[in-house]
Every structure is written in C-alpha cells, then in structure tokens.
There are 2 protein chains.
Amino acid sequence: MVKITDVARRAGVSPSTVSYALSGKRPISEETRQRVEDAIRELGYRPHAGARALAGRRSNVLALVVPLRSGIHVPTVMQFAVSVVTTARRYDHDVLLLTQDEGEHGLTRVADTALVDALIVMDVQLDDPRLPLLRTLDLPSVLIGFPVSSEGLTCVDLDFRAAGEACVEHLARLGHRVVALVGSPPEVYVRQTAFAQSVVQGFTAAADRCGMSSTVHPCEPDAAREVAEQLLREQPALTGVVVHNEPLLQPLVDAFEQLGLRVPADLSVTAICPDELAESVRVPITSVALPSAEVGARAVELLMKKLDGTAVPESTLLPPRMTERASTGRRTVA
Amino acid sequence: MVKITDVARRAGVSPSTVSYALSGKRPISEETRQRVEDAIRELGYRPHAGARALAGRRSNVLALVVPLRSGIHVPTVMQFAVSVVTTARRYDHDVLLLTQDEGEHGLTRVADTALVDALIVMDVQLDDPRLPLLRTLDLPSVLIGFPVSSEGLTCVDLDFRAAGEACVEHLARLGHRVVALVGSPPEVYVRQTAFAQSVVQGFTAAADRCGMSSTVHPCEPDAAREVAEQLLREQPALTGVVVHNEPLLQPLVDAFEQLGLRVPADLSVTAICPDELAESVRVPITSVALPSAEVGARAVELLMKKLDGTAVPESTLLPPRMTERASTGRRTVA
DNA sequence: TTCCTTCGTCGAAGCGCTTCGACAGGCGTC
DNA sequence: GACGCCTGTCGAAGCGCTTCGACGAAGGAA
C-alpha cells in the first residue's frame with residue numbers, strides 16, 4: 001500500500017504538505033502542488049479511508065435508511081437511492097445502506113461508531129419514533145417527508161398538498177364538478193404517513209374551494225376493478241379521478257375502460273406519480289411528477305450544507321410540476 | 001465520546017485487555033470479561049469504526065454494486081439488496097451502496113481506500129469488463145450471475161438453465177407439444193447478460209430433448225399485445241408459454257385472454273419470476289421462483305467465508321424450485 | 001524439585017492520516 | 001529600517017484502536 005509518506009518523499013516535501021495540498025486547507029505554492037500531484041499520480045496513491053476518518057473526524061460516508069414496508073412503490077425508492085448515491089459522489093461521499101428493520105438501533109450504531117457523518121431517513125411518519133433520536137443525535141440528518149412538527153429537523157419532499165390541489169384545480173378548470181381520489185392502500189394511512197395525508201388534504205380543500213363534490217378511496221394494489229365499479233355505482237356523476245397509487249394506475253384505467261368509460265372522453269384521470277409511469281400507461285396520464293431524483297439530490301445538498309456548518313431551512317417543499325397528457329379533457333355535458 | 005481507555009479504567013484493566021475481551025482473540029478470565037462488559041454497558045461504549053479499520057485492517061463494510069440499466073426488474077434488485085444488508089448485519093458488517101455508473105473506478109476506489117473489505121457485484125455480463133479487475137484486486141468478491149468463465153471468481157445465482165428446462169419439462173409432462181419463450185427485452189440479450197441466455201439455452205435444449213417445437217421471443221415491457229398476437233398468428237398450434245420477463249407477465253396474460261384464449265384451458269403459462277409476482281397475477285402463475293433473498297444471503301455468506309480465509313466453490317447454482325399454480329393444465333386436444 | 005507450558009494480563013508500538021504551532025522569508029507600511 | 005503580516009512549509013502530536021512481545025502465576029511432566 002502506498003501511503004502519504006511515500007508521496008511526500010517522492011515529491012520532496014513533508015507529509016503535512018501533501019495533506020494540505022490535497023485538502024486545500026492551507027496555501028501551497030503552485031509548484032509544490034504540482035509536484036505533489038505528480039507524485040500521487042505516479043504512485044497511484046489513495047488515502048486510507050479509516051485513517052482519514054480517525055484523524056479528520058469525518059468518514060465521508062452518509063447513511064441512507066430505506067423503507068421496506070408494504071404499500072411503498074419500490075422503483076421510486078430505488079430511483080431515490082440511486083440519486084442519493086450519485087449526488088453524494090459528486091461531493092466525494094459514499095452511501096451506507098441501512099434498512100428500516102434495524103430501526104433506531106441502526107441509527108445509533110452508525111452514529112456512535114462514527115461510521116457515517118450524516119443521515120438521510122426516508123418514509124418518515126407523522127409521528128415517527130425516530131424523531132426524538134434524530135433531534136438529540138449530533139449528526140446532521142435530512143428527512144424525506146414531513147412529520148407533525150419539523151422543528152429542529154430538516155425535511156424535504158414534494159409538496160403533496162399542493163400536488164393534490166393542482167390535480168383538482170386542473171380538473172376544475174376543465175369543468176369537472178364531481179371528483180374522486182383513489183389513494184394509497186389503507187395501511188399507508190393507518191401508519192400516518194405524512195405524504196398520503198397531505199394529498200388527501202390538498203385534494204379535499206381544493207375541491208371544497210372550487211365547490212366540487214369529492215370523495216376519497218384508499219385502495220389496495222389489486223383492487224382496481226372493485227374500486228372502479230364502486231365509484232361508478234356510488235357516484236354516477238363522477239367525471240374526474242385523481243390517482244395517488246402507482247401500481248394501481250394502469251389497472252384502474254383498464255378497469256374503467258372495460259366498464260365502458262372512455263378516458264378522457266367520459267372520465268378524466270390525473271395522477272401523482274413518476275413521469276415515467278404516467279407516460280407508460282396506454283393512455284398517457286396527465287400527472288404531477290413525483291420527482292424522486294430531485295428529492296434525493298436535494299437531500300444530499302442540504303446535508304452537505306449542514307456538514308459545512310451552513311444553516312438550512314427546516315422544510316423544503318418542492319413545488320408540484322404538472323404535465324398535461326392525454327388522459328384529461330373538458331367535461332362533456334351528459 | 002467514550003473510548004476504550006475509559007472502559008479500561010472503569011473495569012480496572014488495560015485497554016488491550018478490553019480489546020481482547022471484545023474480540024476473543026486471546027483468553028480472558030470469565031471474571032475480567034464480566035467486568036469489561038459491565039463497564040461497556042455502563043458507559044455506552046462503541047468502538048470507533050475508523051480507528052478499528054485503521055488498526056485492525058478490516059472495515060467491516062461490504063460494497064454492493066447495483067445495476068441501474070433498463071430491462072432489469074427493480075423490485076427484484078431491491079429485494080436482493082435488502083437481503084444482503086440484513087445478512088451482512090448478522091455478521092456484524094455494513095453495506096456500502098455503489099451504482100454501476102461509477103463503473104470500475106468505483107470498485108478500485110473503495111478497494112484502494114480500504115473503505116470496504118469485500119465486494120458484491122450484481123448483474124454480471126458474460127464478458128463483463130470488470131472481471132479482470134476483480135481477479136487482480138486482492139479484495140474478496142462475489143458475483144451475482146455467471147460470466148463466460150468463472151475461473152478464479154466466486155459466482156452465485158439461480159440455475160437459470162435448469163429453470164428454463166424445468167418450465168419446459170413441466171409443460172411436456174402436461175402433454176404440450178408447441179411452446180414459446182417470451183423473454184427479456186432485446187437489450188438484455190445484446191448486453192449478453194448471462195442469466196437471460198441461460199434460460200434460452202435451457203428452454204431450447206429441453207424442448208428439443210422432449211421433441212417439442214419451440215420458439216423464442218425477446219420482448220419489450222409494453223409489447224404484450226403485439227407479442228400475443230404475433231404468437232397466435234405465427235404458431236396457431238401453440239399451447240404452452242414460458243415467460244421470463246417480470247413486467248410483462250400480467251399484461252401478457254391479459255392480452256391472451258382478450259384474444260379469446262383461456263388460461264389454462266387453451267393456453268398454459270409458466271414463468272420465471274419472484275413468487276410474489278406469480279401469485280399476484282389474476283390467474284396465479286405456475287412458476288420457478290426467482291429467489292433474490294436467498295441469492296443475497298448466500299452471496300454474503302460466501303463472502304464471509306472468504307474473509308475468514310475459507311475456500312469456497314467457484315460457482316454456486318441454486319436449484320430451481322417450481323410451484324404449480326392455476327395457470328397450467330393438460331393440453332386439451334383441439 | 002526443576003523445567004516447560006499455558007493462561008491471563010499489561011505496556012508499547014504502530015495503523016495512516018490531519019492539524020496545530022512554529023518559523024523562515026518576502027512584502028508593504030510608517 | 002524596524003515592524004508586522006502574509007505565504008508556504010515542516011515537525012510532532014495525536015485520532016482510538018489492535019496486536020505483538022513480555023511476563024508473572026499456575027499447572028504438568030520428568
């Protein structure tokens with residue numbers, strides 16, 4: 001293994017000079033820096049991560065806690081994780097993967113052993129048991145999602161409330177008067193996951209504001225047909241649907257069509273989902289994008305600022321971005 | 001931060017004794033061990049990961065390289081990753097997440113900086129550019145999937161060839177004579193991904209051996225309808241289908257039914273996919289399980305053995321496990 | 001009894017890096 | 001010209017842990 005003393009000898013300087021040339025924490029003359037860089041290249045030097053972490057009190061590793069529970073959309077999680085890793089690499093950090101099942105112990109462990117410098121926690125619940133811990137831990141952290149109170153924490157997410165509103169308002173502008181929200185599976189609401197509730201709130205508030213009649217339907221991933229039938233039965237005047245349930249989107253559209261409704265002629269459908277998904281449905285769906293990659297990148301950027309000692313806002317709500325596609329149209333008077 | 005000297009003082013022993021009590025690398029009297037453990041508990045001691053890595057030349061971290069490319073089934077990857085993390089934790093290791101886009105540099109980097117002790121590489125291609133690197137790197141590694149030659153490497157995977165055979169043989173036993181394989185998207189074959197090719201080989205070989213007529217159809221994820229139509233047009237005598245393409249499974253079954261074929265009365269369908277998926281289709285599918293969790297666990301176990309210095313077999317092929325469900329039946333003579 | 005082991009513990013020497021204080025030399029200022 | 005002040009570099013002191021060699025005590029073999 002080639003170490004810093006080898007580089008120093010080769011460049012004709014002291015190890016500390018090599019270190020400073022690398023970190024830029026003290027001025028080094030251009031000429032010396034060049035010699036050091038050459039030596040590093042020639043010897044193929046790579047600083048030892050453990051030694052660096054020990055002496056520098058920074059491991060340059062972030063922990064990412066991913067959810068495992070049912071009802072979450074796996075590709076979205078994965079896309080998020082990849083974006084976190086990619087962004088972290090741009091800041092010369094690596095990412096340690098933790099699963100939710102180690103729970104709070106996992107967080108304490110990686111924090112206490114100084115394995116990581118900071119934490120990213122996904123799938124935060126309104127009243128998440130990890131919050132007190134995160135508040136006392138002296139590691140910086142960023143949460144994906146919003147608990148009841150984000151006081152003393154840093155949270156990022158799509159503004160789901162605004163997303164719900166945007167869908168309704170879009171339908172309102174198109175003349176629809178009766179709308180339904182087909183939501184996540186019931187267990188997601190029972191868990192009090194913030195984002196699911198926010199959508200409901202935004203949806204309901206906007207519908208009320210626009211004087212529309214609205215209903216909400218939590219829904220299991222394989223219950224497309226039943227929900228479609230139920231909706232038509234209970235709400236014959238329904239002309240607008242908002243879907244906030246990724247795996248259900250395509251089946252639900254299929255079910256409506258099988259029940260004789262044309263999209264968008266008879267029924268306008270909007271969704272809150274990744275753009276990719278919205279575009280892959282047979283009738284491309286007008287949707288508010290679920291920007292996992294952006295959220296991931298943003299989370300890392302916030303964390304880097306915090307590690308620098310820069311203050312960051314407690315909450316970062318990404319504004320919804322709606323893309324009109326083929327699945328929505330003006331209400332045709334029956 | 002509480003450190004080993006604090007523990008030592010509290011227990012009335014030297015730091016080295018604490019270290020040995022913890023690692024078990026030298027005999028320690030029961031009484032001393034007890035005092036040390038008490039001190040650790042009382043003080044809440046956690047060894048510093050960096051210091052440990054520096055002195056002990058082991059970071060207790062594994063790198064997991066996950067694929068990002070199109071055509072792979074994301075939930076399967078995720079399930080695999082989770083299983084790797086869970087198993088690694090059982091051996092007191094953590095998992096660093098690397099994405100494929102850092103490529104070989106990522107591997108060299110984490111190896112050279114001694115950030116990790118070992119590597120798990122997913123989505124290996126027949127002629128993977130990373131192979132020479134993995135052979136020369138002195139870190140132990142395990143590959144998921146099989147390249148052309150696994151010489152000097154350690155590879156684990158489902159025995160995809162046998163899986164392909166099992167599907168065909170199952171159909172053969174049921175009296176089917178004309179079968180088709182609906183495979184992964186063309187790009188997967190172009191990339192020479194081993195597992196996809198193995199399925200084709202097994203499928204074809206078994207069909208030949210059984211005197212069946214067989215064809216193979218790589219297929220894009222959204223081309224269900226087209227493929228179904230094409231199959232019926234080009235092979236009117238077709239009565240058995242093997243699907244090796246997760247996202248396509250449900251749509252393909254739907255398409256067949258829409259074309260007037262009942263499953264399994266008119267057409268028997270088998271698949272190679274996660275059990276979970278096979279069970280979630282409207283007609284539960286007879287399938288060979290894609291045991292991501294087992295593969296992940298096995299990969300970690302092999303790695304742990306290698307880290308111990310134990311020799312392990314170069315290739316570990318998990319035998320296919322087939323579960324009969326509702327989608328296959330005896331061929332009804334037309 | 002003597003000698004050789006084994007057991008249980010300690011002290012000290014590192015692991016490879018960062019960082020602090022020091023200092024030499026060059027510059028601008030009054 | 002004396003002074004202070006940057007600029008650029010060095011040496012040394014750790015960071016918290018593991019491990020090696022040493023050593024006293026206890027036990028067994030001869």
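Every chain is numbered from 1, with letters handed out A, B, ... down the list of sequences. Computed from a predicted model, the values in this text were never measured in an experiment.
Using a 4.0 Å heavy-atom cutoff across all strands shown, B/S29 reaches sugar-phosphate atoms only and no base atom. Counting any heavy atom pair closer than 4.0 Å across all strands shown, B/S23 reaches no nucleic acid atom. Residue B/P27 is classed as a base contact, given a heavy-atom separation below 4.0 Å to a base.
Heavy atoms from other residues, nucleotides or ligands lying under 6.0 Å from CD of A/E314 number more than 12. Within 6.0 Å of the NZ atom in B/K305, the count of heavy atoms belonging to other residues, nucleotides or ligands does not exceed 12.
Put simply, CD1 on A/I40 is 13 Å from C1' on C/dC17, counting in whole angstrom units. Taking atom CE of residue B/M1 and atom P of nucleotide D/dC15, one finds them 12 Å apart after rounding to whole Å. As rounded to whole Å, 13 Å separates atom P of C/dC15 from atom CG of A/L54. Atom-to-atom, CZ of A/R57 to P of D/dG16 comes out at 5 Å; the value is rounded to the nearest Å.
Closest to the side chain of A/K25, from the set C/dT9, C/dT18, C/dT19, is C/dT19. Across C/dC17, C/dT9, D/dC20, the shortest atom-to-atom separation from the side chain of A/A55 is found for C/dC17. Looking at the side chain of A/S16, the nearest of the listed nucleotides D/dT18, C/dG11, D/dA12 is D/dA12.
Within the structure, a side-chain polar atom (N or O) of B/Y45 is placed less than 4.0 Å from OP1 or OP2 of D/dC17.
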Return the polar atom pairs (N/O with N/O) between nucleotides 22-24 of chain D and the protein under 3.5 Å, or none.
| from | atom 1 | to | atom 2 | distance (Å) |
| --- | --- | --- | --- | --- |
| D/dA22 | N6 | B/R26 | NH1 | 3.4 |

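Annotation: salt bridge (charged side-chain N to carboxylate O under 4.0 Å, His left out) contacts of A/D38 (sequence neighbours excluded): A/R41.
Although no hydrogens or angles enter the test, the distance criterion places a donor-acceptor pair under 3.5 Å between the side chain of B/D117 and the main chain of B/S59.
DNA chain D is contacted by both A/T32 and B/V18; A/T32 maps to the nucleotide lying nearer its 5′ end (nearest heavy atom per residue).
A 4.5 Å side-chain heavy-atom check between B/L143 and B/L131 finds at least one atom pair inside the cut-off.
With axes fitted over five pairs at each extremity, the angle between the ends of the helix from C/dT1-D/dA30 to C/dC30-D/dG1 is 30° (10° resolution).
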